[in-house]
Amino acid sequence: MGNFFKNINRNKALLFMVLPGTIWFFFFSYLPLAGTIVAFKEYRFSRDGFWASIFRSEWVGWDNFKFLFSTDDAFTITRNTLLYNLAFIILGLIFSVLLAIILSELVNRKLSKIYQTGMFLPYFLSWVIVGYFVFSFLSMDRGLLNQILGWFGMDPIQWYSEAKYWPYILIIVNLWKSIGYSSVVYLAAILGIDKSLYEAAMIDGASKWQQIRGITIPMLTPIMTIMTLLAVGKIFYADFGLFYQVPRDSGTLYAVTNVIDTYVYRGLMTTGEIGMSAAAGLYQSIVGFVLVIISNYVVRRVDKDSALF
């Protein structure tokens with residue numbers, strides 16, 4: 001017990017640093033776990049408050065989960081959620097690392113900071129604003145892309161009615177908004193690599209590509225693995241703003257834009273079934289947890305040092 005308090009006293013500065021994050025997780029992640037009981041009830045509002053509503057609601061067991069996945073859209077929303085997230089994880093990893101390597105090779109550090117700021121800015125933009133940006137490109141009447149097509153004598157495209165274009169549009173928009181943030185993590189890791197390794201490689205006559213392949217990529221592998229494992233945990237979660245705001249909730253695009261989160265939102269707004277919404281959230285969390293455990297186990301078997309735990 002004495003060693004415990006000694007360790008606390010020795011690391012009190014670090015503990016104070018993590019205290020705000022710990023408080024945030026307690027109130028917004030751990031405390032709401034009690035509300036998962038709603039997933040197994042037919043939730044009905046009570047005048048006596050939230051907890052009274054929970055306890056007085058009727059138990060329905062697995063009915064909310066059956067309702068969620070018994071519709072014809074169950075396969076579509078699951079497929080879209082998985083495939084989009086796989087594309088985001090793989091392409092996001094490739095382009096984030098590539099961008100970080102390019103920035104690290106810039107000689108002019110002032111320009112590098114300007115580029116970093118410019119690429120980091122989209123991450124802070126609301127999806128509502130991004131949706132209007134996309135609309136300014138894809139609008140039928142005054143959209144920039146249709147104007148360019150008109151210059152070449154081509155007919156304008158009704159982008160918000162043509163589902164075949166939207167998998168590519170959504171992937172591009174997501175990469176544009178997110179890779180600037182992700183690349184900062186990899187750039188910090190690159191700047192932390194011992195410069196003597198590169199100097200020794202240059203003395204041995206290694207080209208820039210050989211230095212990247214032989215030093216940079218292997219040194220980034222642990223952080224790449226950790227970031228990928230964390231992303232796998234959210235593979236059943238979709239960015240609601242991306243799939244709802246950017247396509248402007250166009251019904252003709254539901255086949256390629258409807259994911260679990262948007263489906264639950266529309267079902268909640270239409271039927272008011274809070275239990276079904278809670279069931280979807282619990283389902284996503286459990287699947288994400290299981291995937292992280294399995295992925296970490298596989299990584300641990302291959303390279304123990306690259307695993308999360």
Side-chain angles (χ1 to χ4, degrees), residues 73 76-77 79-108 110-184 186-187 231 237-263 265-266:
D73 296 325
T76 300
I77 61 176
R79 177 203 64 191
N80 288 346
T81 305
L82 280 173
L83 293 182
Y84 276 121
N85 278 322
L86 283 173
F88 295 159
I89 292 172
I90 295 172
L91 295 178
L93 176 65
I94 294 172
F95 284 101
S96 296
V97 172
L98 179 63
L99 186 59
I101 292 174
I102 292 173
L103 289 174
S104 68
E105 295 297 329
L106 291 177
V107 177
N108 192 323
K110 291 185 178 180
L111 284 179
S112 177
K113 296 296 183 182
I114 294 174
Y115 295 150
Q116 289 179 47
T117 303
M119 288 178 292
F120 200 83
L121 179 62
Y123 179 79
F124 294 102
L125 295 178
S126 165
W127 279 117
V128 177
I129 298 174
V130 174
Y132 279 105
F133 282 166
V134 175
F135 182 73
S136 68
F137 280 89
L138 305 182
S139 173
M140 177 65 184
D141 300 325
R142 299 183 179 181
L144 178 61
L145 290 182
N146 278 335
Q147 291 185 20
I148 294 174
L149 292 176
W151 296 341
F152 291 97
M154 302 171 65
D155 295 330
I157 298 175
Q158 296 184 358
W159 298 98
Y160 290 92
S161 299
E162 297 285 347
K164 61 183 179 181
Y165 300 111
W166 279 89
Y168 307 102
I169 294 172
L170 292 174
I171 291 174
I172 292 172
V173 172
N174 179 268
L175 290 175
W176 171 78
K177 193 174 188 297
S178 62
I179 61 172
Y181 175 82
S182 302
S183 65
V184 171
Y186 298 115
L187 180 60
Y237 285 86
D239 196 323
F240 177 82
L242 172 65
F243 293 98
Y244 186 83
Q245 297 291 350
V246 175
R248 304 178 70 84
D249 195 25
S250 176
T252 57
L253 304 178
Y254 282 176
V256 294
T257 62
N258 204 12
V259 291
I260 294 176
D261 298 77
T262 56
Y263 178 80
Y265 172 77
R266 294 185 183 105

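Remember, predicted model here, so these are calculated numbers, not experimental data.
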> Any side-chain heavy-atom pair from Leu125 and Trp176 closer than 4.5 angstrom?
yes
> Applying salt bridge (Lys or Arg N to Asp or Glu O under 4.0 Å), name anything that partners Glu105, two or more places apart in sequence or on another chain.
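Only Lys208 meet the salt bridge (Lys or Arg N to Asp or Glu O under 4.0 Å) criterion with Glu105.
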> So Ile148 and Leu144, side chain to side chain contact (heavy atoms under 4.5 Å, CB included) or not? Walk me through it.
CA-CA 6 Å; Ile148 294 174; Leu144 178 61; 4.1 Å; yes
> Is there a side-chain contact between Ile169 and Trp159 (heavy atoms, below 4.5 Å)?
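The answer is yes, as the side chains (C-beta and beyond) meet within the 4.5 Å cut-off.
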> Considering only heavy atoms from C-beta outward, does the side chain of Leu103 approach that of Met119 to under 4.5 Å?
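Result yes, sub-4.5 Å side-chain heavy-atom pair found.
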> Specify the closest pair of heavy atoms between Gln158 and Met140, including all atoms of both residues, with the distance to one decimal.
CG-SD, 3.5 Å
> Between Trp127 and Asn174, what is the shortest heavy-atom contact and its length?
CH2-CA, 4.5 Å
> Is there a donor-acceptor pair closer than 3.5 Å between any side-chain N or O of Trp166 and the backbone N or O of Ser161?
no
> May I ask you to decide if Ile101's main-chain N or O and Ser104's side chain share a donor-acceptor pair within less than 3.5 Å?
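Side chain of Ser104 to backbone of Ile101, a donor-acceptor pair under 3.5 Å: yes, one is there.
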> Please report the shortest heavy-atom distance between Leu99 and Ser183, naming the atom on each side.
CD2-OG, 3.7 Å
> Filter on salt bridge (Lys or Arg N to Asp or Glu O under 4.0 Å), then keep only pairs touching residues 117-135, sequence neighbours left out; what's left?
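Applying salt bridge (Lys or Arg N to Asp or Glu O under 4.0 Å) to every pair that reaches into residues 117-135, excluding sequence neighbours, yields nothing.
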> Run the numbers on Tyr132 and Arg248 for side chain to side chain contact (heavy atoms under 4.5 Å, CB included), then give the verdict.
CA-CA 9 Å; Tyr132 279 105; Arg248 304 178 70 84; 4.1 Å; yes
> Kindly indicate, with the supporting measurements, whether the criterion side chain to side chain contact (heavy atoms under 4.5 Å, CB included) is fulfilled by Ile157 and Asn146.
CA-CA 7 Å; Ile157 298 175; Asn146 278 335; 4.1 Å; yes
> Enter the distance from Asp239:CG to Asp261:CG here, rounded to the nearest 0.5 Å.
8.5 Å
> Short question: side chain of Thr252, backbone of Tyr160 - any donor-acceptor pair under 3.5 Å?
yes
> Which heavy-atom pair separates Leu91 from Leu175 by the least distance, and what is that distance?
C-CD2, 4.0 Å
> Would you sort out whether Thr257 and Leu170 count as a side chain to side chain contact (heavy atoms under 4.5 Å, CB included), showing the intermediate values?
CA-CA 9 Å; Thr257 62; Leu170 292 174; 4.0 Å; yes
> Drop me the distance from Leu98's CG to Leu93's CG, to the nearest 0.5 angstrom.
11.0 Å
> Output the distance between atom CZ (Phe240) and atom OH (Tyr265), rounded to the nearest 0.5 Å.
5.0 Å
> So, the side chain of Asn85 versus the backbone of Tyr237: is there a donor-acceptor pair under 3.5 Å, distance only?
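Side chain of Asn85 to backbone of Tyr237, a donor-acceptor pair under 3.5 Å: yes, one is there.
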> Measure the spacing between CD1 of Ile129 and CD of Gln245 and express it to the nearest 0.5 Å.
11.0 Å
> Taking the side chain from Asn80 and the backbone from Asn258, do they hold a donor-acceptor pair closer than 3.5 Å?
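Answer holds: yes.
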> Between Gly118 and Pro122, which heavy-atom pair has the shortest distance, and what is it?
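Closest pair (atom of Gly118, atom of Pro122, distance): O-CD, 3.3 Å.
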> In Å, rounded to the nearest 0.5 Å, how long is the span from CG of Leu145 to OG of Ser136?
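Answer for the CG-OG pair, Leu145 versus Ser136, is 9.0 Å.
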> Does one side chain, of Tyr254 or Asp249, offer a donor that lies under 3.5 Å from an acceptor on the other?
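A donor-acceptor contact under 3.5 Å links the two side chains.
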> Check the surroundings of atom CZ in Phe120: do more than 12 heavy atoms from other residues, nucleotides or ligands lie under 6.0 Å from it?
yes
> Would you check if the side chain of Tyr84 reaches a backbone N or O of Val256 as a donor-acceptor pair within less than 3.5 Å?
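Yes; at least one donor-acceptor contact below 3.5 Å.
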> Can you give me the closest heavy-atom contact between Ala255 and Arg79, atom names plus distance?
O-NH2, 3.1 Å
> Is it the case that atom CD in Glu162 sees more than 12 heavy atoms from other parts of the structure closer than 6.0 Å?
yes
> Please determine whether the number of non-hydrogen atoms from other residues, nucleotides or ligands lying under 6.0 Å from atom CZ of Phe95 exceeds 12.
no
> Taking atom CD1 of Ile171 and atom CG of Leu83, what is their separation to the nearest 0.5 Å?
9.0 Å
